[in-house]
Structures are given as structure tokens and as C-alpha cells.
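Numbered from 1 within each chain, the chains take letters A, B, ... in sequence-line order. Note that these values count all heavy atoms, side chains included, but never hydrogens, waters or copies made by symmetry.
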There are 4 protein chains.
Amino acid sequence: MGIYERKQREKEQRKIGIINAARKVFSNKGFNTATIEEIAMEAELSPGTLYLYFKGKEELHTSLSIEILKHLADEIQKVVGQDISAEEKIKRFCDVFIDMYEYDSNILINLFHLQSGETLKNLSDEFLQQIKTHSTMAHGAMVDVIKEGIDQGIFIEEHPVVLADILWSSYAGVVLWVDSKRVLNSQKDFVKSTLKTAFKIILKGLKKK
Amino acid sequence: MGIYERKQREKEQRKIGIINAARKVFSNKGFNTATIEEIAMEAELSPGTLYLYFKGKEELHTSLSIEILKHLADEIQKVVGQDISAEEKIKRFCDVFIDMYEYDSNILINLFHLQSGETLKNLSDEFLQQIKTHSTMAHGAMVDVIKEGIDQGIFIEEHPVVLADILWSSYAGVVLWVDSKRVLNSQKDFVKSTLKTAFKIILKGLKKK
Amino acid sequence: MGIYERKQREKEQRKIGIINAARKVFSNKGFNTATIEEIAMEAELSPGTLYLYFKGKEELHTSLSIEILKHLADEIQKVVGQDISAEEKIKRFCDVFIDMYEYDSNILINLFHLQSGETLKNLSDEFLQQIKTHSTMAHGAMVDVIKEGIDQGIFIEEHPVVLADILWSSYAGVVLWVDSKRVLNSQKDFVKSTLKTAFKIILKGLKKK
Amino acid sequence: MGIYERKQREKEQRKIGIINAARKVFSNKGFNTATIEEIAMEAELSPGTLYLYFKGKEELHTSLSIEILKHLADEIQKVVGQDISAEEKIKRFCDVFIDMYEYDSNILINLFHLQSGETLKNLSDEFLQQIKTHSTMAHGAMVDVIKEGIDQGIFIEEHPVVLADILWSSYAGVVLWVDSKRVLNSQKDFVKSTLKTAFKIILKGLKKK
DNA sequence: TATGAATGAGGTTTCATTCAT
DNA sequence: TATGAATGAAACCTCATTCAT
């Protein structure tokens with residue numbers, strides 16, 4: 001490996017380190033309450049250093065979200081490539097959400113928050129484009145599976161994009177909502193089981209007969 | 001009406017005026033970016049005056065969300081009281097979401113944002129309690145309808161609370177997600193039609209056979 | 001006087017107070033070294049308050065310079081209106097510079113610094129316009145006097161604008177240079193006497209014979 | 001040449017390279033806005049390396065100014081040695097200014113900025129001494145020529161130092177002022193022609209009759 | 001000698017909140 | 001009750017400087 005590649009790699013590592021620190025702090029405190037200083041401390045760096053890798057707080061937060069989105073898109077695409085039925089794939093999508101939620105519940109929450117209002121405005125075109133790309137990828141994979149199901153005469157004949165939207169947003173909605181109930185009522189974590197039930201209902205709703 | 005009552009009433013009116021101003025500003029800018037001064041200007045009051053009615057920015061935002069939640073709960077409960085089938089009620093719930101979205105798309109978005117992470121933490125017990133109350137009410141109404149359906153042997157025999165969660169969060173998720181797609185891709189507004197399709201699918205999934 | 005006028009007046013007074021504080025601090029420390037906090041302390045206000053009246057450090061500094069320029073333009077125009085010979089008016093211009101220098105030597109220095117390189121770039125159009133206006137006024141007055149002299153056959157027949165430039169810039173140059181010698185060599189203040197000699201030489205140079 | 005001398009020479013060359021880079025950057029951006037990193041890039045070196053040759057930004061800037069001053073002093077002294085009349089020498093001084101302005105207009109501007117307030121304060125004694133030395137040299141040369149003229153009965157009998165001050169500062173003032181007009185009004189460059197006219201006027205003013 | 005990533009002090013700026021009127 | 005000027009804490013961010021390599 002040349003010296004340039006090593007440097008590049010180190011730089012990438014450092015970026016990941018910072019993003020991981022940011023993940024922890026943003027998860028605990030939320031965007032407003034989190035401070036750059038805190039993230040720097042978590043990353044065991046000085047505040048100034050963060051600015052060598054990210055233009056500012058906003059960009060750091062967005063980068064984190066994109067990282068998550070990328071991961072989600074990857075996992076979903078893996079499912080599409082598998083040699084299983086469309087129905088089974090829909091179930092696996094559900095598992096992907098569950099896995100991510102179990103790995104770090106805040107990851108998903110963060111992501112879904114990115115995808116609406118407040119955050120989307122004031123985003124640089126570059127980042128907006130990245131989000132679109134990965135989002136389209138993840139969503140496109142879902143659309144493909146739906147299409148597959150429709151073509152095989154298994155799913156109802158609605159517009160596949162709409163069905164994928166419903167699938168995605170129901171899963172996302174369940175995560176947000178059930179997780180918030182958990183926080184609000186300090187109850188047990190029902191996200192997983194609720195997601196599974198949601199899957200069953202929606203799958204049944206999707207099927208032709 | 002006594003003088004005290006009138007005063008009380010006026011105060012309430014003023015509070016509503018402020019909350020409406022806050023709704024506009026928070027909708028456009030989000031919690032962070034919105035400033036008290038802007039809200040005051042929108043309400044045609046001075047910043048100081050807002051503090052006579054609300055303890056601070058946080059409380060104002062929460063009050064707004066509660067207001068919305070209250071409205072939603074009301075609308076949902078109206079549905080429960082109607083003399084129609086459980087199935088039809090589920091459909092009406094969908095209409096309630098659509099109506100609110102059409103009245104002010106940001107209203108719903110705002111509400112769903114309340115329901116997680118960032119905002120819920122650091123909330124005074126009093127407000128947490130109010131949120132719980134109204135939330136429980138709205139949600140409870142849904143649970144009742146689900147129960148009704150189960151008792152009548154129309155719906156599948158899952159835990160009614162879970163089913164209501166799924167119903168609620170799917171609707172909410174669709175609004176958030178499809179609305180964000182609208183913003184991201186500057187496309188037409190498919191929230192209404194997608195919500196309707198979602199309803200059909202979920203209803204089909206809910207039904208026993 | 002109406003309440004609005006009074007408010008406006010008070011606001012203007014406050015602005016002047018801040019500019020005066022800024023004058024002291026900028027004079028002592030220069031633009032870089034001076035801090036907003038220091039100026040605020042000098043003005044017996046909090047840092048934040050300064051931002052109610054000026055957009056930032058840059059604008060504050062520019063406002064100060066414009067204030068000075070305005071004053072200089074006023075004084076010079078007064079001279080033009082007087083019922084004395086063109087020759088005498090040129091001498092009075094010299095006195096105006098001397099007066100301003102004696103009132104606060106840093107005032108003039110500051111002004112001349114505004115008028116070149118570093119500061120002029122990055123200036124908002126609004127301020128650039130104001131500077132142009134006042135600058136043109138002051139300079140135009142000088143041009144008028146020169147023209148007067150030429151028309152009366154007293155002064156050499158060069159382009160009046162060029163002659164006014166030379167007059168102005170020689171005066172300014174002397175102030176900058178002799179003052180810097182004073183600082184560098186901790187010598188006595190020869191600005192006044194040197195300016196007077198400069199006046200004599202230039203006047204002689206300007207005259208036709 | 002021994003190895004030590006060569007090293008010394010190389011070091012000197014490197015210093016000059018850095019100073020030239022600094023000249024460009026300081027010229028374009030001014031002292032505040034210019035950054036060490038930019039200068040390093042311009043010099044095709046790393047920021048750290050600059051600190052091997054200069055103690056810091058301040059010293060670098062001062063070194064640049066001294067370099068310019070040294071050059072100016074050299075050119076002026078060359079004039080003094082020539083076998084021409086005092087009157088002609090004064091004219092040549094004007095040419096020196098014009099040449100430097102034409103070579104790099106920012107050079108002179110930069111120099112004149114050194115000579116007051118902000119920059120002079122906070123300067124180490126060592127540098128202050130160097131500035132004094134070269135300044136005295138340049139200025140002394142002018143004084144000599146003036147004296148020459150007075151002794152030959154050509155120039156008026158004012159204190160030679162004062163006359164040299166006026167000469168120097170008028171030239172400097174014209175450069176600063178006319179150049180700033182150029183920037184402000186985006187007009188043609190009249191520095192050269194205005195300087196020439198200034199020379200004529202002042203020379204006429206200096207002459208005994 | 002040269003590097004350039006990291007530092008961190010310290011500046012500018014914002015804005016929720018207060019309080020005299 | 002209403003005001004809105006003033007506050008000042010606290011955040012973001014910059015960049016001259018250092019130091020391990």
C-alpha cells in the first residue's frame with residue numbers, strides 16, 4: 001500500500017471515529033443539546049480537529065445520517081439478491097429494520113428524523129444528492145421486490161412505488177412510535193414484536209387473496 | 001359571566017393566538033431555527049409578552065403539540081361514537097389523518113416529531129402527563145374500535161393495543177415519509193392517495209379472512 | 001416631540017455612544033486587536049447589545065469611519081461657502097485637517113486607513129455607497145475651490161480633479177507619515193507645523209506665477 | 001564557498017521565497033484575512049516550515065515590509081549618487097515611486113500601511129530598529145538632496161527634514177489615495193499621471209522663485 | 001530540514017429570557 | 001398587562017502555532 005493510500009485510509013478512519021462519537025452524543029442529547037465540544041471529547045480530539053473533517057455541526061450530523069442510510073440501503077439490497085420468494089423478502093426487510101433497531105435504536109430514529117422537514121431544509125445540494133441516492137437505492141430495492149411479487153401474481157396490483165412507500169413508512173412509523181411509547185411510559189420494548197405483527201398484517205394486506 | 005371568567009377567557013384567547021403564531025413559525029423553520037422574536041412578530045406581540053403566557057420556548061412548543069394532539073384525539077373520539085361498523089371506523093380514522101394533513105401538512109409532521117427522542121427528554125412532568133393523557137385518549141379510542149372488531153369476529157385476534165399501535169404508526173409513518181419525498185424530490189403530493197391505499201392494505205390485513 | 005421621535009432619537013444616541021466607545025478602542029488597539037467585548041465594556045453595555053445596533057465588528061468599524069468622513073466633509077463644505085479667496089480656502093482646508101488631527105489624531109488616521117485596500121474590499125454595497133457619497137462631497141468641495149481659482153486665473157490650468165486629489169492626498173499623507181514618525185521615534189508632534197509648511201509649498205506650486 | 005555559507009545562502013533563498021509568497025497573499029487579502037496556510041500554499045511549503053524561518057505571522061509581515069522598505073531605500077540612494085541636479089533628483093524620486101507602484105501596486109500600499117498605528121504597536125524592538133534604520137536611510141537620502149538644493153540656493157530655506165517629510169508623504173499619500181479611488185470607483189489608473197503632476201507642483205513650490 | 005495533523009485559546013455571534021417602564 | 005431594549009451565557013468556529021514523525 002502506498003503512502004498516499006495509507007494517509008487516505010487513516011483520514012477515513014478518523015472520520016469514522018468522529019462519526020461514531022457524534023452518534024453517541026447525538027443519540028443521548030439530540031441535535032440541539034449536543035455540542036461540538038462534547039463530541040470532540042467523546043472522540044478524544046479537540047474541537048478544532050473536528051472542523052478539519054467536517055464543515056460544522058450540521059454537516060457532521062448529516063454525515064452521520066447518511067452513514068446510517070447507506071448501511072440500511074446495503075442491508076436491504078442484500079435481501080433483494082437472495083434466492084427466496086418475494087414474500088420472504090418482505091419479511092427479511094422487516095428483519096433488517098429490527099436488526100438495526102436492536103443494534104442501536106437511536107440510529108434508526110435519527111435516520112427517520114433526517115427524512116423530514118426541519119433537517120432537509122438548509123441542506124447543501126451535495127448532501128441532498130447523497131441522501132437521494134441512497135434513499136432511492138433502498139427504496140428501489142423494495143420496489144423491485146414488490147414488482148417481483150406482482151409479476152408472480154402474488155401481490156395486489158397497486159403501483160409498486162406506492163406499495164413500497166407504504167411498506168417502508170409503516171416500518172419506520174412503527175419504530176418511531178413504539179419507541180416513543182417506550183420512552184414516554186417507561187415500558188418494556190415492544191418494537192420488535194410490534195414490527196413483526198405489522199409485517200404480518202401488511203403482508204396479508206399485500207397478498208392477492 | 002363574571003369578570004374573572006372573562007379575564008380567564010381572554011387569556012385563553014391570547015394563548016391560542018400565540019400558539020397559532022408558533023405553529024406557523026415552527027412549521028416553517030423547525031424548533032431550533034425558529035426564534036421567539038419571530039413568533040412574537042407573527043403573533044403581533046412583543047417577545048416579553050409571550051413569557052406572560054408561556055414559561056419559555058420549550059413550553060410553547062410543547063403546548064402547540066399538545067393542542068394538535070388534543071384536536072386529533074377529539075376527532076378520533078368522534079369517530080368512535082358514530083353508529084358505523086368497526087371497519088368503517090378504521091377508514092374514518094384514515095380520513096381524520098387526511099383532513100389534518102390537508103388542513104396544515106406541518107401540523108401532523110410537528111406532532112409526530114414531538115413523539116420521539118430529542119423533544120420528549122427534558123420535558124416537565126406536567127407536560128409529559130398531558131401528552132400521555134391525550135395520547136392515551138386518541139390511542140385508546142383506536143384500541144376500542146379494534147376491540148369492537150375483534151369482539152364482532154371481524155378482526156384478527158391480536159392484542160388490540162398492538163393493532164392500534166400499528167394502525168396509528170403506519171398512518172403517521174406514511175405522512176412523514178411521503179411528505180418528505182415530496183420535499184426531497186419536489187414531486188406532487190401523494191400523501192392522501194398513499195394513505196388511502198395504506199388503509200386498504202392494513203384493513204385487509206386486519207380482517208379475519 | 002412624539003414618542004416615536006423620542007425613541008428614534010434615543011436609538012441614535014445609543015448608536016453614537018457605541019461609536020464613541022469603538023473610536024477609543026479601535027484607536028488604542030487597531031481593528032484586529034480590538035475586541036467587541038472591550039468596546040462593549042467601554043460603552044458600558046453588554047456584547048450582545050452592540051449587535052442590536054451593528055451587524056458586527058466590521059460594520060461597527062465602518063460606521064465609525066463613515067462618521068468621521070461625514071464630519072470631515074461637513075467641515076470642508078463649510079469652508080467652500082465662506083466669502084474668502086480661493087487661496088484662503090485652500091489654507092482653511094489645511095486648518096480643517098489640523099483641527100481634526102488635534103481633536104483626535106486617531107480619527108484621521110483611521111479614516112485614511114479606511115480609504116485603502118484591506119478595508120475597502122469585503123465592504124457591503126450600502127456602506128461603499130455611503131463612503132462614496134461623503135467622499136465625493138468632501139472631494140467635490142475641494143474641486144470647486146480649485147476650479148474657482150483656475151477660473152479667476154490664480155491657479156495653474158491642470159485638471160481640477162487631479163489638483164484636488166493632490167491637495168487631499170498630500171494633506172492626508174503628511175498626517176499619516178509625520179504621525180507615524182512621532183510614534184516610531186517618540187518625537188515631538190510635528191504634524192501641525194509640517195502640514196502648514198506643506199500647505200505653503202503646495203499653494204505656491206498651485207499658483208500660476 | 002564553504003558548506004556553511006552555502007547553507008546560509010540556501011536559507012536566505014528560502015526566506016525570500018516565503019516573503020514573496022507572503023507579498024502576494026497579504027496584497028490580496030490584507031493582514032487579517034490572510035492566513036498562514038494560504039501563504040504556505042503559495043510558497044509551496046507546509047505551514048510548519050514557515051515557522052522554521054519566521055517566528056510568526058507578525059514577523060513575516062514585518063519582514064516583508066522591511067524588504068520593501070530596503071528596496072525603496074536602495075533605489076532612492078541610487079538617485080542621490082547620480083551626477084544630476086537636485087531638481088532632477090527630486091523628479092527621479094518620483095520615478096522611483098512610480099516604478100515601484102507599477103511593478104506591484106500593492107507593494108507600496110503595504111509599505112505605507114506599515115507606517116502607522118495598528119502595525120507599529122506590538123512590534124519587537126529588533127524590527128522597530130530595522131524599520132528605523134531603513135526608513136532613516138531612505139528619508140535621509142531625500143534630506144540630503146533637499147539640503148543640496150538649499151545650499152545651491154535653488155530651494156526655499158525651510159528645515160530640510162520637514163521638506164523631505166512633505167515630499168515623501170505627498171508621494172505616499174497620492175499613491176494611497178488615487179489607488180483607493182481606483183478601487184472604489186473602478187476607474188482607470190491615474191496614479192502615475194497624478195504623481196507626475198504632484199511632482200511638478202511640489203517642485204515648483206519648493207523652488208525659491 | 002520538512003511536514004501537516006492536531007491543538008485549543010479566544011473571538012464573534014446568537015437568542016432565550018429578564019425587567020424597568 | 002404589555003413592552004422591547006438589554007442581557008450574558010453559551011455556542012460555534014477560526015487559525016496561529018506546535019510537535020511527533
Can you tell me the distance, in whole Å, between the CZ atom of D/Phe26 and the P atom of F/dC15? 13 Å
Atom-pair distance (NZ on A/Lys29; C1' on F/dA10), nearest Å: 14 Å
Check the distance between F/dC12's P and A/Leu60's CG and give it to me in whole angstrom. 11 Å
Could you state the atom-to-atom distance from CD of C/Glu10 to C1' of F/dA6 in whole Å? 13 Å
Should C/Arg14 be listed as having a side-chain N or O under 4.0 Å from OP1 or OP2 of F/dA6? yes
Nearest nucleotide by nearest heavy atom, which residue falls closer to the 5' end of DNA chain F, A/Ile36 or C/Lys11? C/Lys11
On DNA chain F, compare the nucleotides closest to B/Lys7 and A/Lys55; which residue's is nearer the 5' end? B/Lys7
Return the minimal non-hydrogen interatomic distance between B/Phe54 and B/Ser63, and the atom names on each side. CE2-OG, 3.5 Å
Rounded to whole Å, please give me the gap between CZ in C/Phe54 and P in E/dT14. 15 Å
Proximity to DNA chain E (any heavy atom under 4.0 Å), residues of residues 37-53 of chain A only: A/Leu45, A/Ser46, A/Gly48, A/Thr49, A/Leu52, A/Tyr53
Identify whether NZ of Lys or CZ of Arg in C/Lys57 sits under 6.0 Å from the centre of the six-membered ring of C/Phe26 and within 45° of that ring's axis. no
So, for A/Tyr53 and A/Lys15, which heavy atoms are closest and what is the spacing to 0.1 Å? O-CE, 3.5 Å
Partner of F/dT17 by Watson-Crick or G-U wobble geometry, both contacts under 3.5 Å, or none? E/dA6
Quickly work out the B/Lys57 NZ to E/dT18 P distance and round it to whole Å. 15 Å
Any non-hydrogen side-chain atom of A/Pro47 less than 4.5 Å from a side-chain atom of A/Leu50? no
